[in-house]
Amino acid sequence: MLATIITPLAAQVPQHPGRATNFAERPAIAVGVAWYPEHWPEARWDTDLKMMRAAGFNTVRLAEFAWSRMEPAEGRFDFAWLDRAIAAAQRHGFMVVLGTPTAAPPAWLTQAYPDTLRVDENGTRAGHGGRRHFSFASARYRVFARRIAQEMAKRYGHHAAIVGWQIDNEVGPPSFDPESVAAWHKFLKQRYGTIETLNERWATQYWSQHYDDFDSVPLHATGQQNPGLLLDFKHFTSATWTGYVQDQARVMRPLIDSRAFITTNTMFWNSGFDHFQMHRDLDIASWDNYIPDGRPDWVANGANHDLVRGYKRRNFWLMETQPGRVDWVPVNRALDPGQVREMAWQAVSHGADAVLYWQWRSAMNGQETFHGAILGQDGQPNPILPEIAQTAKGMTAAATLLADTQPTAKVGMLFSYDSRWAIDIQRHNKDFDPVKSFVATYRPFRVASQGVHILSVDDALSAYPIVVAPNLNVITQAQADRLAAYVRGGGHLLLGPRSGMKDDANALWPQRQPGPLGDLLGGRVSQFYALDETVGVKGGFGTATASLWAEALEPTAPDTQVLATYSEPGGWLDGKPALLSRAVGKGRISYLGAWLDDAAMRRIADDLLAQAKIAPLVPSAHPDLEISERAGGGKRVLIVINHGKEPRPLTPPSGARLAQGDWANGTMAAHGVALFNLGK
Ligand code: GLA
């Protein structure tokens, strides 16, 4: 069955909107680990589970790669071992998350049905021995995937230990097999209706690209292709992966406890599909947070969490994180002592209701024997265990305080997959990385305001006095209309460079940037320039430098203010406006045409926050201190994390009571974490 013709079953209605799960009687914060009982003799299980309990864990995730154990031959199921593993976990008091094993098809499947194997863009078919080697569009693969998911749901759907289900594992790589090509043609037909429309939207008169029918459109992800095709490729992979995950969710949902969540664990800024779309019909978001080089940048990592929170605008699960180090980068440096705890609390401060480590004990062989694990190969603790146990115990102790609270924010930031992809497809300056640009804009707003929510362009914005869209390159008329309504209603919208340039087929808007928002702004971009050296900018915020990208702006309405201009030695840019702003209705729209240095962006953020009367929770906090608030259920909790190696002064807001942590005499310990109860 094709991705695009699947009707998804809607996500569950949250009964406890302030929490990630609907099991109100369960601990509000889950702490635990990925446990692979199939790697170990059953006689060892009790020892492991006892050690996990002693470490303070209350949750295990099981089964996600165990397809060959659960279905050792086609249609022959063996769940007896899993029955015993789940029963053992339950006996020891654990909540259980079960993973469907479809990221790792067994050899019997791919040998008997090689058509289910993934084919890369060069035409090479994958083989057995790794994982994610199936085609996301294979109807046959989906039959097998649905069947194993359904068998699991039938057997365990109402098991009292199970709180949630994870479908597959880190989906993402597309396939270029004949079935994917056929699905692509069907997708395009559904999207455009007629081939004439596709030709028009992609402007295929250019280079004689004209197509006579959908079946002649090639499937490409890269290369010198029409930008319309390349963006639609991303729309296709989004629809296909979403359909793939929903295909399993649909058969599971009727068989499982209605309170149990269905999720899929995702990665970083994975560009394989639109994550907002993927999560529309899932219950919660969950993701895998790794610090590959072992050198955390807390602000950038906070943006990762805020993005994940934004998929559902609801608390999420941190499904995996590293107990020290990873094993998949050139130098797999371990986090410093204290940082594993810091990263776990950072997740919670940004809205995670669960922190699960990957993994308990590494297998004796296989691709990941060097990855960080809590136990060594001898079954004895690695040096990280005491730190993880301290974290787990702190979290379970804070569960009642944190229950039903969610991260607060006064600033909304818009992340658009379409815009990111469109810029990546035509960067114009190779160093203009849209994710880096997003994080560079997030940084000053997060540090200054101490809370940012990342949202999709289609979300409700009225709760946020300030909304920042760093590079809203792709925008539809409907989205422009909603943003205009937000501004007229009293919000301040700050658009960054490259905004309002393209429509959702990656074609230029006929009017210059910001396209359908030009009239609202009372201004436009007269020309954009890729920079290979910096250009000076002068404005009310002082002097700044622009790098990588600068747009010469031009007011078109008498009441549009020029707030900054380019200075020497800009050439084409000399004296041209770099920042425009206009009051409209009860609100304001501003357009910044350049990628400015961090210090200038911080001054701009401070200025906007002051105008909107948004004060930080803790003024003048040291840059190593991350300040966050979770509120809800009649509670407000301040979470402070010292990401630095030195103790730092911290004066909590008046009336704050220390609930737990490493704060004493006005000082946060190095790598310290502290929770304060702020009352109502
Ligand atoms: C991913 C996967 C896990 C494991 C970890 C290792 O997140 O989901 O199965 O491979 O990476 O970092």
Side-chain angles (χ1 to χ4, degrees), residues 32-40 59-70 97-106 126 129-134 136 145 164-173 241 244-245 248 262-273 275 278 282 284-296 301 304-305 307-308 316-335 339-340 343-344 347 352 354-377 382 384 388:
V33 68
W35 178 45
Y36 299 96
E38 68 274 22
H39 297 176
W40 305 104
T59 305
V60 284
R61 184 186 60 159
L62 307 182
E64 56 168 353
F65 294 113
W67 199 341
S68 63
R69 281 295 298 276
M70 291 189 277
V97 173
L98 278 188
T100 70
T102 49
R131 59 180 172 178
R132 298 187 200 110
H133 45 292
F134 63 90
F136 69 163
W165 296 79
Q166 172 195 303
I167 293 177
D168 209 282
N169 178 277
E170 296 187 340
V171 299
W241 275 124
Y244 169 84
V245 168
Q248 292 186 38
I262 298 183
T263 187
T264 187
N265 55 331
T266 55
M267 305 174 259
F268 286 100
W269 295 90
N270 172 17
S271 131
F273 54 90
H275 288 51
M278 169 64 80
L282 291 171
I284 62 165
S286 63
W287 83 291
D288 303 338
N289 184 192
Y290 292 99
I291 310 291
D293 63 2
R295 301 268 184 204
N301 199 53
N304 293 332
H305 289 301
L307 178 70
V308 175
F316 58 91
W317 272 43
L318 186 62
M319 204 53 103
E320 297 181 10
T321 190
Q322 72 211 56
R325 61 170 191 268
V326 301
D327 70 334
W328 38 265
V329 291
V331 179
N332 297 284
R333 182 184 190 276
L335 292 167
Q339 286 186 319
V340 165
M343 300 323 290
V355 174
L356 269 55
Y357 289 93
W358 195 93
Q359 61 171 321
W360 178 242
R361 179 177 175 183
S362 76
M364 293 306 283
N365 211 332
Q367 282 87 328
E368 297 181 297
T369 46
F370 280 13
H371 198 281
I374 297 174
L375 301 192
Q377 68 268 41
N382 278 328
I384 197 70
I388 289 180

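The residues of the chain are indexed from 1 along the displayed sequence. Order of appearance sets the numbers: ligands from 1, and atoms from 1 within every ligand. Owing to the predicted nature of the structure, the values given are computational and were not obtained by experimental measurement.
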- prompt: What is the ring orientation for H371 with Y290, classed by angle as parallel under 30°, tilted 30 to 60°, or perpendicular over 60°?
  reply: perpendicular
- request: Mind telling me whether F268 and W328 have parallel, tilted or perpendicular rings, with 30° and 60° as the class edges?
  value: perpendicular
Polar side chain donor-acceptor pair, N304 to N289, under 3.5 angstrom: no
query: Charged N to carboxylate O below 4.0 Å: is that the case for R131 and E368?
result: yes
- request: State yes or no: are the ring centers of F65 and H39 separated by less than 6.0 Å?
  value: no
- prompt: ligand 1: which residues have a non-hydrogen atom closer than 4.0 Å?
  reply: F65, R131, N169, E170, D288, Y290, E320, W328, W358, E368, H371
statement: Between H275 and N270 the two heavy atoms that sit nearest each other are CE1-O, 3.1 Å
